[in-house]
Colleague: 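Handing you this structure, nothing more for now.
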Amino acid sequence: MTVLHSVVDSPIGPLTVVGDIRDDGVALHAVWMNTPRHTHGDDELGKRDDAAFSEVARQFGEYFAGTRTVFDLELDPAGTEFEKRVWMLLRDIPYGTTRSYGELAADLGDPNLSRAVGTANGRNPLSIIVPCHRVIGADGSLTGYAGGLERKRFLLTLERDPAPSADQLF
């Protein structure tokens, strides 16, 4: 497997996308924001190949323009079986809506799993594409986000109003 990466410009800063080439295209392993939480070594990035990620860049452009509500990309994140179950639930949260950690835990069959859901949510390597930003506290508050609460607020605002005014921008 040959790991490659690209950097996609976005309104919330550069997004580093990492994946590998498959017979039918690129499978994404990670989308990292430029934050201390998303640090990585050069060996995790592989060679930079912007052409290989042109479809990813196109879909991100549509998302930030407010015309794409679901990503159609092959995903191959590394994680435990539990984390992958949580990440699948995240993909089921409709665009423009939010769910609480408790609601996701209940969907897994055990409302006592809220903290474990939160931990798995925090380990989601595919920011935005697997929409962990749509998970909020039970009281409706914005809770932790690896990209920072400002980015989370921006993404939720974007999804409520696809044409944000300049004062809503990150």
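Everything numeric in this text was worked out from a predicted model, so none of it was measured.
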Colleague: For Ser6 and Asp50: C-alpha separation, side-chain torsions, deciding distance, then whether side-chain hydrogen bond (donor to acceptor under 3.5 Å, both in side chains) applies.
Modeller: CA-CA 5 Å; Ser6 179; Asp50 294 333; 2.5 Å; yes
Colleague: I'd like to know whether Val18 forms a side-chain contact (heavy atoms from CB on, under 4.5 Å) with Trp32, so could you lay out the CA-CA distance, the side-chain angles of the two residues, the decisive distance to 0.1 Å, and finally the verdict.
Modeller: CA-CA 8 Å; Val18 181; Trp32 291 318; 3.5 Å; yes
Colleague: For the residue pair Pro77 and Leu75, what are the closest heavy atoms and their distance?
Modeller: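 Nearest heavy atoms, Pro77 then Leu75: CD-C, 3.6 Å.
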Colleague: What's the shortest heavy-atom distance between Ser100 and Ala138, and which atoms?
Modeller: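 That would be CB-CA, 4.0 Å.
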Colleague: Could you state the interatomic distance from CG (Leu15) to CG (Asp9), rounded to the nearest 0.5 Å?
Modeller: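 Going from the CG atom of Leu15 to the CG atom of Asp9 covers 8.5 Å.
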Colleague: Check the pair Leu142, Leu156 against side-chain contact (heavy atoms from CB on, under 4.5 Å), reporting the backbone distance first and the verdict last.
Modeller: CA-CA 10 Å; Leu142 295 187; Leu156 292 173; 3.5 Å; yes
Colleague: Transitively linked via ILVMFWY side-chain contacts under 4.5 Å: Val7 with Val31?
Modeller: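 Different hydrophobic clusters.
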Colleague: Work out which heavy atom in Gly66 is nearest to a heavy atom in Tyr95; give both atom names and the distance.
Modeller: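 Shortest heavy-atom contact: CA-OH, 4.4 Å.
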Colleague: Report the C-alpha separation of Ile129 and Phe60 in whole Å, then their side-chain angles, then the decisive distance to 0.1 Å, and conclude whether the side-chain contact (heavy atoms from CB on, under 4.5 Å) test is met.
Modeller: CA-CA 9 Å; Ile129 294 171; Phe60 268 125; 3.8 Å; yes
Colleague: For the side chain of Lys152 and the backbone of Ile136, is there at least one donor-acceptor N/O pair under 3.5 Å apart?
Modeller: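 Checked: no pair found.
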Colleague: For Gln59 and Val56, indicate whether the former's side chain and the latter's backbone hold a donor-acceptor pair under 3.5 Å.
Modeller: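 Such a contact is absent between Gln59 side chain and Val56 backbone.
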Colleague: For the OH atom of Tyr63 and the OG1 atom of Thr69, what is their distance to the nearest 0.5 Å?
Modeller: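 Going from OH on Tyr63 over to OG1 on Thr69, the span is 10.0 Å.
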Colleague: Identify whether Val70 and Ile128 are in the same connected component of the hydrophobic contact network (ILVMFWY, side-chain heavy atoms under 4.5 Å).
Modeller: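 Looking at the clustering, Ile128 is in a separate group from Val70.
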Colleague: Can you see which heavy atom on Leu4 is nearest to which on Ala52, and at what distance?
Modeller: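 Reported closest heavy-atom pair: CD1-CB, 4.1 Å.
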Colleague: Indicate the ring-plane relationship of Phe64 and Phe154, choosing parallel, tilted or perpendicular according to the 30° and 60° boundaries.
Modeller: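 The arrangement is tilted - the two ring planes meet at 30° to 60°.
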Colleague: Just by distance, do the side chain of Trp87 and the backbone of Ala120 share a donor-acceptor pair under 3.5 Å?
Modeller: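 Indeed, once roles are kept as given, a pair shorter than 3.5 Å links the two residues.
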Colleague: Scan for side chain to side chain donor-acceptor pair (under 3.5 Å) pairs involving residues 133-143, sequence neighbours excluded, and state none if there are none.
Modeller: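 Passing the test, one end in residues 133-143: Tyr101-Thr143, His133-Glu159, Arg134-Glu159, Asp139-Ser141.
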Colleague: Does some side-chain heavy atom of Leu89 sit less than 4.5 Å from a side-chain heavy atom of Leu108?
Modeller: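 A side-chain contact exists here, since the closest heavy-atom pair is under 4.5 Å.
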Colleague: Would Ile12 and Met33 count as a side-chain contact (heavy atoms from CB on, under 4.5 Å) here? Give the steps.
Modeller: CA-CA 8 Å; Ile12 59 171; Met33 296 178 195; 4.0 Å; yes
Colleague: Which residue pairs satisfy the ring-ring contact (aromatic ring centres under 6.0 Å, His included) criterion with at least one member in residues 105-126, sequence neighbours excluded?
Modeller: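 Pairs touching residues 105-126 that pass the test: none.
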Colleague: Within the structure provided, determine whether Tyr145 and Cys132 are in side-chain contact (heavy-atom separation under 4.5 Å).
Modeller: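 Sidechains of Cys132 and Tyr145: in contact.
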Colleague: If we ignore hydrogens and angles and just use 3.5 Å, is the side chain of His5 paired with the main-chain N or O of Gly46 as donor and acceptor?
Modeller: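 Checking the backbone N and O of Gly46 against the side chain of His5, a donor-acceptor pair under 3.5 Å is found.
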Colleague: Out of Leu90, Leu28, Val86, which one pairs with Val130 under the side-chain contact (heavy atoms from CB on, under 4.5 Å) rule?
Modeller: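 The side-chain contact (heavy atoms from CB on, under 4.5 Å) with Val130 is passed solely by Leu90 among Leu90, Leu28, Val86.
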Colleague: Before giving the answer on salt bridge (charged side-chain N to carboxylate O under 4.0 Å, His left out), spell out for Asp92 and Arg99 the whole-Å C-alpha distance, their side-chain angles and the decisive distance to 0.1 Å.
Modeller: CA-CA 10 Å; Asp92 290 340; Arg99 303 281 309 279; over 6 Å; no
Colleague: Closest heavy-atom contact between Gly102 and Ser114?
Modeller: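 That closest heavy-atom pairing would be CA-OG, 3.5 Å.
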Colleague: Only pairs at least two apart or in different chains count here, so list each salt bridge (Lys or Arg N to Asp or Glu O under 4.0 Å) that has a residue in residues 65-89.
Modeller: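 Every salt bridge (Lys or Arg N to Asp or Glu O under 4.0 Å) pair that includes a residue of residues 65-89, provided the two are not neighbours, is Arg22-Glu74, Arg22-Asp76, Glu62-Arg68, Glu83-Arg123.
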Colleague: Report yes or no: does Arg58 contribute a side-chain atom to a donor-acceptor pair with the main-chain N or O of Ser54 at less than 3.5 Å?
Modeller: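 No, because the side chain of Arg58 does not come within donor-acceptor range (under 3.5 Å) of the backbone of Ser54.
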Colleague: Once rounded to the nearest 0.5 Å, what's the spacing between atom OG1 of Thr97 and atom CZ of Arg160?
Modeller: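 Answer for the OG1-CZ pair, Thr97 versus Arg160, is 11.5 Å.
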